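Taking it in order: structure first as structure tokens, then the write-up.
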Amino acid sequence: MESYALPRPIASSLPAHPTALLRHRHLCAFRLFPLHSSSPISYPRRPLSPLPLPLAPRRVKPSFQLVRASSSPSIAAPNPESTPSPSRLPAQGAKPVPLAISLAVGLAVRFLVPRPVEVTPQAWQLLAIFFSTIAGLVLSPLPVGAWAFIGLTASVITKTLTFSAAFGAFTNEVIWLIVISFFFARGFVKTGLGDRIATYFVKWLGKSTLGLSYGLTISEALIAPAMPSTTARAGGVFLPIIKSLSLSSGSKPGDRSAGKLGSYLVMSQFQAACNSSALFLTAAAQNLLCLKLAEELGVKISTPWVSWFIAASLPAIVSLLATPYILYKLFPPQVKDTPDAPALATKKLEQMGPITTNEWVMVGTMVLAVSLWVFGDALGIPSVVAAMLGLSILLLLGVLNWDDCLSEKSAWDTLSWFAVLVGMASQLTNLGIVTWMSNCVAKYLQSFSLSWPAALGVLQASYFLIHYLFASQTGHVGALYSAFLAMHLAAGVPGALAALALAYNTNLFGSLTHYSSGQAAVYYGAGYVELPDVFRLGFIVAVTNALIWGVVALIVGGIQSFNSLSETQLIFGKIR
């Protein structure tokens with residue numbers, strides 16, 4: 001998200017011809033909503049005005065030149081003479097060094113590492129392709145979707161997988177549920193419903209900076225189960241509100257004044273968001289994938305939405321309440337009181353007007369979808385069918401149109417590369433690779449005479465810290481979740497406990513770094529926090545979350561009684 005200011009008129013920058021004038025206006029509008037490849041949110045929000053600033057911005061007229069309000073160079077109208085011709089455009093294609101390293105990883109596994117006798121040549125070859133694909137996801141010689149497609153092509157060309165096996169995951173229900181969740185998130189942003197809910201909490205709790213932070217945190221936790229994208233919540237709802245509040249108090253990004261208010265609010269919301277995602281099964285796309293992969297290894301959670309919430313509710317709520325206060329002490333804002341924030345929120349709500357018909361439709365649809373996600377098992381309605389029904393209602397009533405769905409690039413991109421990773425991981429399980437790897441790790445852990453609780457701690461910590469090498473939570477899940485869950489099972493860890501602990505960790509490590517998740521890129525890109533602070537506070541909050549989740553789980557788990565794995569009735573659900 002970027003803010004823009006209007007400088008003095010520059011009449012000479014306008015083209016004289018009417019057709020050229022229309023083109024100029026189109027380009028100005030395009031720059032008002034820039035679509036960079038690094039921006040996770042590319043769709044426009046409902047045209048609502050931000051929280052009122054001390055001075056109302058002037059109306060944009062064709063005779064003005066739009067420039068960013070930051071210190072970056074101004075954006076002028078394009079000069080045809082300075083526009084590079086197609087022959088002078090920079091070369092496209094794979095980055096040579098990351099490409100070479102990614103290919104070398106796969107070739108080394110295939111030809112240099114001795115194949116164990118327990119593993120078939122087909123399985124070992126698929127493992128080499130998988131490692132090369134994962135290396136490419138980390139090093140990025142090409143965009144994620146393009147590199148995943150190349151890995152899929154390699155598995156078919158080498159006859160490691162048949163065409164039907166290679167593309168089998170594209171019919172996976174969970175993947176389509178994730179895709180539909182992106183459309184729901186667009187509906188929240190397009191209607192402005194998420195913006196309205198967050199603004200109400202600013203009005204109610206925003207008299208102090210700490211109260212303002214709690215208001216934003218609580219509102220995200222309430223929106224999360226019905227808006228299954230942390231990135232969409234960050235870029236489409238909360239960051240615009242935080243920036244408006246910060247600018248109104250004189251706290252500017254990339255400036256010494258950032259510490260007045262903006263730095264603390266951005267960091268607090270960023271760190272608290274991971275607990276909101278862990279609180280509900282439908283609060284993040286990767287949650288659904290984790291349970292699907294667990295089911296493929298024989299660990300099935302009964303009544304998954306309810307079991308997930310019961311297990312996560314106490315530690316997540318404790319962490320949500322603790323995070324803003326901890327950061328208030330470790331990363332204090334210069335402005336402690338914000339008496340004007342409720343008044344600004346009230347003015348914004350007045351500008352928004354009464355709740356629109358589309359907002360009511362969005363509310364009703366999401367209540368229906370969440371209800372079916374909670375009680376769907378009893379009614380025989382799968383989660384993906386509930387999501388399809390909700391999306392159909394939004395399309396029929398005009399809240400979304402098909403162009404909205406087609407332009408949701410992140411959804412279709414996720415479908416392409418996510419299905420490749422899930423398909424490869426599934427085939428590795430079918431070919432015995434995951435079982436072989438887990439047995440090797442289990443034997444290694446047994447050599448240290450570790451009990452299963454100790455093995456649980458070691459494996460969970462390893463899974464968490466490895467995320468420093470990943471720039472995607474879903475990519476991390478697709479690459480490592482199945483293998484780590486199999487290691488837990490081989491070490492004797494109860495299946496439901498291992499499956500859900502890994503899934504919760506998948507959300508908690510989303511705030512480790514500025515690249516660890518989509519919302520991390522959104523909040524860091526706002527320009528209010530410095531990189532050293534992101535790493536330092538990310539690690540501190542991660543340790544704090546680990547202690548809270550671990551201690552609370554031990555306390556609650558100690559109250560529960562269990563006799564054997566087949567009869568386990570833990571807080572983490574049932575294994576059937």
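For reference, positions follow the sequence shown, starting with 1. All of these numbers come straight from a predicted model, not from anything done at the bench.
- At most 12 heavy atoms of other shown residues, nucleotides or ligands fall within 6.0 angstrom of atom OH in Tyr325.
- Aromatic ring pairs are classed by plane angle as parallel below 30°, tilted from 30° to 60° and perpendicular above 60°; the pair His476 and Phe509 is parallel.
- A side-chain donor from one of Gln460 and His488 sits under 3.5 Å from a side-chain acceptor of the other.
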For a side chain to side chain contact (heavy atoms under 4.5 Å, CB included) check, start with the C-alpha distance between Phe270 and Tyr524, then their side-chain angles and the critical distance, and finish with the verdict. CA-CA 9 Å; Phe270 171 37; Tyr524 177 72; over 6 Å; no
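- In summary, the side chains of Gln473 and Asn507 do not present any donor paired with an acceptor at a separation below 3.5 Å, with no hydrogens or angles considered.
- Checked against side-chain hydrogen bond (donor to acceptor under 3.5 Å, both in side chains), Ser516 has no partners two or more places apart in sequence or in another chain.
- Ser482 is not listed as a side-chain neighbour of Leu428, based on a closest heavy-atom distance of 4.5 Å or more.
- Note that CE of Met424 and OG1 of Thr133 are 4.0 Å apart. Values are rounded to the nearest 0.5 Å.
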Please test Thr513 against His467 for side chain to side chain contact (heavy atoms under 4.5 Å, CB included), starting from the C-alpha separation and ending with a verdict. CA-CA 9 Å; Thr513 67; His467 194 65; 5.9 Å; no
Show me the side-chain donor-acceptor pairs of residues 364-372 shorter than 3.5 Å, one per line, residues at least two apart or across chains.
{"unit_1": "Thr365", "atom_1": "OG1", "unit_2": "Val361", "atom_2": "O", "d": "2.8"}
{"unit_1": "Ser371", "atom_1": "OG", "unit_2": "Val367", "atom_2": "O", "d": "2.7"}

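- Screening residues 354-411 for ring pair (Phe, Tyr, Trp, His ring centres under 6.0 Å) gives no qualifying pairs among residues at least two apart or on separate chains.
- Although no hydrogens or angles enter the test, the distance criterion places a donor-acceptor pair under 3.5 Å between the side chain of Trp176 and the main chain of Phe170.
- Side-chain atoms of Tyr264 come within 3.5 Å of backbone N or O of Pro324 as a donor-acceptor pair.
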Side chain to side chain contact (heavy atoms under 4.5 Å, CB included), that's the test. Do Asn430 and Gln427 meet it? Break it down for me. CA-CA 5 Å; Asn430 294 337; Gln427 291 299 321; 4.0 Å; yes
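- Between Ser462 and Phe484, the closest side-chain pair of non-hydrogen atoms falls below 4.5 Å.
- Of the inter-residue distances, the one linking Leu210 atom CG with Leu265 atom CG reads 10.0 Å to the nearest 0.5 angstrom.
- In this structure, the separation between CZ on Arg536 and CG on Leu330 is 7.0 Å, given to the nearest 0.5 Å.
- In this pair, Tyr481 and Tyr463 present their aromatic rings perpendicular. The plane angle is above 60°, beyond the 30 to 60° band.
- At a cut-off of 3.5 Å, with distance as the only test, no side-chain donor of Thr191 or Arg196 sits close to an acceptor on the other residue.
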If you apply the rule side chain to side chain contact (heavy atoms under 4.5 Å, CB included), what do you find for Ser268 with Leu216, and how did you get there? CA-CA 9 Å; Ser268 177; Leu216 294 171; over 6 Å; no
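- Within 6.0 Å of atom CZ in Phe539, 12 or fewer heavy atoms from other residues, nucleotides or ligands are found, so the atom counts as exposed in its surroundings.
- Looking at heavy atoms from C-beta onward, Leu395 lies in side-chain contact with Cys405 at the 4.5 angstrom threshold.
- Atoms CZ and CG, on Phe464 and Leu512 in that order, are 4.5 Å from each other to the nearest 0.5 Å.
- Looking at heavy atoms from C-beta onward, Val385 lies out of side-chain contact with Glu173 at the 4.5 angstrom threshold.
- Without hydrogens or angle criteria, Tyr214 side chain to Leu321 main chain gives a donor-acceptor distance under 3.5 Å.
- Under the 30°/60° scheme for interplanar angles, the aromatic rings of Phe201 and Trp204 are found to stand perpendicular.
- Applying the 6.0 Å contact sphere to OH of Tyr444 captures no more than 12 heavy atoms from other residues, nucleotides or ligands.
- Judged by distance alone, the side chain of Thr323 and the main-chain N or O of Leu320 form no donor-acceptor pair under 3.5 Å.
- Ring planes of Phe309 and Phe280: parallel class, angle under 30° (limits at 30 and 60°).
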